[in-house]
Amino acid sequence: MAGRRVEITRTTVFGALALAVVACLTLGTLISVGLRAENTGGFGPSDWAAIRFTLWQATLSGGISVILAIPVARALARRNFPGRGALVTLLGAPFILPVIVAVLGLLAVFGRNGIVSQSLIWAGLEPVHIYGLHGVIIAHVFFNLPLATRLILQGWLSIPAERFRLAASLGFKPGDIARALERPMLREVVPGAFLVIFLICLTSFAVALALGGGPRATTVELAIYQAFRFDFDLGKAALLALVQFAMGAGAALVAFRVAMPGGMGAGLDRAVTRWDSGGWLVVQDVICITVAAAFLILPLAMIVIDGAPGLFNLPMPVLWAALWSVLVALASVALTLTLALPIAALAVRRGSRIVEGVGYLTIAASPLVIGTGLFIVIFPIADPFALALPVTALVNAAMSLPFALRTLVPALAGIETHFGPLADQMGLHGMARLRLLWLPRLRRPLGFAAGLAGALSMGDLGVIAMFADPEVATLPLQLYRLMGAYRMGDAASAALLLLALSLAMFWLFDKGGRVDADA
Amino acid sequence: MKTLSFVAGAFLATAAHADTLTVYTYDSFVSDWGPGPAVKEAFEAECGCELNLVGVGDGAALLSRLKLEGVRTDADVVLGLDTNLTAAAEATGMFAPHGVTATWDLPVAWSDATFLPYDWGYFAFVYDNTKVSNPPKSFAELAASDLSIVIQDPRSSTPGLGLLLWVKQVYGDDAPQAWADLNDQIVTVTKGWSEAYGMFLEGEADMVLSYTTSPAYHLIAEEDATKSAAAFTDGHYMQIEVAGKLAGTDVPALADQFLAFVASEKFADIIPTTNWMYPAMMPAGGLPDGFSTLIQPETALVYPADQAEAARDIALDEWLAAASK
């Protein structure tokens, strides 16, 4: 019994420590921001415009993504074709795709000299305007249409196949099926999907930085950066950071109250047999799937086509930046796991939703809010710019934490349910339990979480833009600078390198978790 | 013994390292086709030191960068502020007097003891004369046209700030309305000049805010006569770019030597065909041929340095209000 008490204490201590770090990073920085925000004159019209724009673009991005996702998900649900599995897997890719790479790809497709605009001009029409609200929405839909499609597809596949069979035997027309089966499902799934995307777009920074059209298209995150970099107005930055946190926390609370569709899951690989979908519905589905796939694949294909020729001829600063990015990503992976594992252990052992909830705090706190807070705390004692890379690794780790917890907590709970009593009987506690039971059993989720954390950190362009020294940059920042200097050839090659590194980071860790040394 | 020589070697290496002069400047200055490479070569031959030119965004971002870094900054010299910012820069207390006396070829008399002028020019909208046949002759005509323009953010870029004060000086209290009228024309607002000019060259907009001297680049460096600057009857706002020495520099003698170099004919010789501006001091050989083809504004507009800061604050609020609608 004594051993058990010690063991609980150890879990509690490490868990509490990790929780304290997360609380300091989120609530602590928020308090320092709040104290700093006191002595400032309120908001000007451009700040209100930033708040309005943030909410408006998030609403539009969420709405358009979900509306477009419905026909695509329906098509994927009722069709079976070669490559369907690959396409569904591809729908998960934007999650680990560096934002700035996607922006460059979208510019190559939708920019004034892009394929779409050139075709429109050729057809005698107006070209697409990629800068400003349009561009921000296009980029957000690019990232979130796949997510929405996956979530809604899952809804479709959750309708038991027997119901479709029954509907067919009752002679239901497609309209009847929509009314009796599909719409009730959509009513349940769509609000949750919309809220998730709304929440993601609320903290949009890199997209607005690269594609925003000046004060008319500035998000609050971007306004924080501008208050900081353009005006050196820490008070204003702090006040905006409070607004950002309030919006994020508000949306997160609503999102958690609405039944949340699960993000990942099995069973996406088979189409339900349907009897209602012949004729013109086939044409409709083919068009939906083709257009959606082209929208996702074309920008990435452009990066590969434009970037491949210069890939082995990259300028030195790009290679240095790549090295820094890899190191930052590895540090971020280590930090993520160091924080996530003790929190997951504490959450499982205590069966506490609150513990897990604290871990999710970083969803509401955006990178720039945490960055502003850290800057205010660090500035009087040390040179914040000298700490740009460590700070980036830390903030990236905090941002990956919710995903790591989401992966680790259920896995660990499963392990404890199945093996916990036996381990207790055998007196397997403390480090021995970690080494012999948890780590071997957690290999896969740990590899997956590490891969996600590495890829997310690799592609991040947020807090680094705020802290960067002119001479030190991560690869995404260096890529952004190349775009700024209009060295589009180099930019495309750097983008291809970044894309490859991000995917490799995810693949290696995820694969590493799947290699089963014990078997 | 080995250890000793290693220590001595390390010491010597450190001593050599101390002879580095760090100059913060704007991005286009350090680009391959900008003045950076030539300036570095010429000055390093003269000083036997290393000149480290660091590009930190556009001109106005330079000043916020300095404020952000405070006394910890590595910069010894800042090159690329303009007269619209010198009062604000002076107020930081971070700059020391330049101590250089020279005869300037500037359109205004120069008496600033802290900042040293190195080139000047007029802001103008540049267009492709094969695509735009009837360029606007004033802000009013521009606003009434269907031409698209790219401008720079006045908070981070000196051309952007120049446009702000240009509009303010032409329109005075009516500036908010003028911005509201121009709003439809503006494709986007970039952080710096390089981004905006690059977008214009890529065809993302019909016109870009740049300088009356920009066409000289295309004419001389590329033998391309398709770029022109639109002459505005409203007058053109003038920019004088300056350099200054940081009071906290750890290599004051080197910083002084660099400022003297900036005020020399060697530097003035490099400027016209790399920075594409009028040098603050006329080179012995005069200006390159292409410069004679450039438009000469009838009216030069400028706020005196001591009034520019107050005008900036008002104009910035007006622009932010108009541009965020």
Side-chain angles (χ1 to χ4, degrees), chain A residues 44-53 107 111-114 117-118 121 127 129-132 135 209-218 223 225-234 315 375 379-380 382-386 466-471 480-488 491, chain B residues 22 24-25 27-28 30-32 52-58 60-61 63-70 72-75 92 148 150-157 160 183 186-192 194-205 316-325:
Chain A
S46 61
D47 305 307
W48 288 114
I51 296 169
R52 275 198 309 273
F53 179 77
L107 275 175
R112 182 87 164 222
N113 283 319
S117 286
Q118 286 301 316
I121 291 171
H129 291 286
I130 185 85
Y131 293 96
L209 179 71
L211 294 177
R216 251 179 303 177
T218 296
Y225 167 83
Q226 288 171 343
F228 196 82
R229 288 300 283 249
F230 292 0
D231 305 327
F232 187 46
D233 189 345
L234 282 180
F375 191 94
F379 192 66
D383 179 4
F385 298 105
M466 202 173 184
F467 276 70
D469 204 76
E471 288 168 281
Y480 173 63
R481 287 180 181 166
L482 286 173
M483 286 166 68
Y486 255 80
R487 289 165 61 186
M488 288 314 202
Chain B
T22 303
Y24 278 11
T25 185
D27 288 339
S28 61
V30 295
S31 65
D32 294 338
N52 183 21
L53 289 168
V54 181
V56 255
D58 207 330
L63 183 56
S64 12
R65 182 80 206 180
L66 277 185
K67 289 184 188 168
L68 272 173
E69 296 186 345
R72 290 197 199 94
T73 184
D74 289 334
T92 62
S148 58
V150 196
I151 65 169
Q152 300 85 356
D153 196 313
R155 295 169 294 178
S156 54
S157 152
N183 234 352
I186 301 170
V187 175
T188 189
V189 183
T190 64
K191 249 184 356 168
S194 307
E195 289 95 329
Y197 209 77
M199 283 183 66
F200 163 68
L201 292 181
E202 290 280 314
E204 298 273 355
L316 184 61
D317 284 344
E318 290 173 351
W319 175 74
L320 281 173
S324 51
K325 281 200 180 104

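Below, chain A is the first sequence line, B the second, and so on; all start at residue 1. Heavy-atom basis, side chains included; hydrogens, waters and symmetry copies ignored. Since this is a predicted model, take the numbers as computed values, not measurements.
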Is it the side chain or the backbone of [X] that comes within 4.5 Å of chain A heavy atoms, both, or neither?
| X | value |
| --- | --- |
| Ala321(B) | both |
| Asn52(B) | side chain |
| Asp27(B) | neither |

Pairs of heavy atoms under 4.5 Å with chain B: top-ranked of [options]:
| options | answer |
| --- | --- |
| Gly214(A), Pro384(A), Pro215(A) | Pro215(A) |
| Leu211(A), Asp231(A), Thr218(A), Asp47(A) | Asp231(A) |
| Arg229(A), Arg481(A), Met483(A) | Arg229(A) |

With sequence neighbours left out, write down each residue that passes side-chain hydrogen bond (donor to acceptor under 3.5 Å, both in side chains) with Ser157(B), or none if nothing qualifies.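 Testing Ser157(B) for side-chain hydrogen bond (donor to acceptor under 3.5 Å, both in side chains), a comparison that skips the adjacent residues, returns Asp58(B).
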Say whether, by atom type as modelled, one donor and one acceptor occur between the side chain of Thr188(B) and the main chain of Gly212(A) under 3.5 angstrom.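 Pair found, side chain donor or acceptor close to backbone of Gly212(A).
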Any chance you could measure [X], atom [atom1], to [Y], atom [atom2], to the nearest 0.5 Å?
| X | Y | atom1 | atom2 | value |
| --- | --- | --- | --- | --- |
| Lys67(B) | Leu234(A) | NZ | CG | 11.5 Å |
| Arg155(B) | Asp233(A) | CZ | CG | 11.0 Å |
| Lys191(B) | Leu209(A) | NZ | CG | 6.0 Å |

Heavy-atom pairs under 4.5 Å with chain A - which of [options] has more of them than the others?
| options | value |
| --- | --- |
| Leu68(B), Leu201(B), Leu320(B) | Leu68(B) |
| Ser148(B), Ser156(B), Gly192(B), Ser194(B) | Ser156(B) |
| Asn183(B), Leu63(B), Val56(B), Asp317(B) | Asn183(B) |

Report the residues that fulfil ring pair (Phe, Tyr, Trp, His ring centres under 6.0 Å) with Phe230(A), sequence neighbours left out, ordered by chain and then residue number.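 Result, ring pair (Phe, Tyr, Trp, His ring centres under 6.0 Å) vs Phe230(A): none returned.
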Candidate pair Arg72(B) and Phe385(A), rule side chain to side chain contact (heavy atoms under 4.5 Å, CB included), full reasoning: CA-CA 10 Å; Arg72(B) 290 197 199 94; Phe385(A) 298 105; over 6 Å; no
Taking side chain as everything from C-beta outward and backbone as N, CA, C, O, which of these in Phe375(A) sits under 4.5 Å from a heavy atom of chain B? Side chain, backbone, both or neither.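 The answer is the side chain of Phe375(A).
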Considering only heavy atoms, which portion of Ala210(A) lies under 4.5 Å from any heavy atom of chain B: side chain, backbone, both, or neither?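 Neither part.
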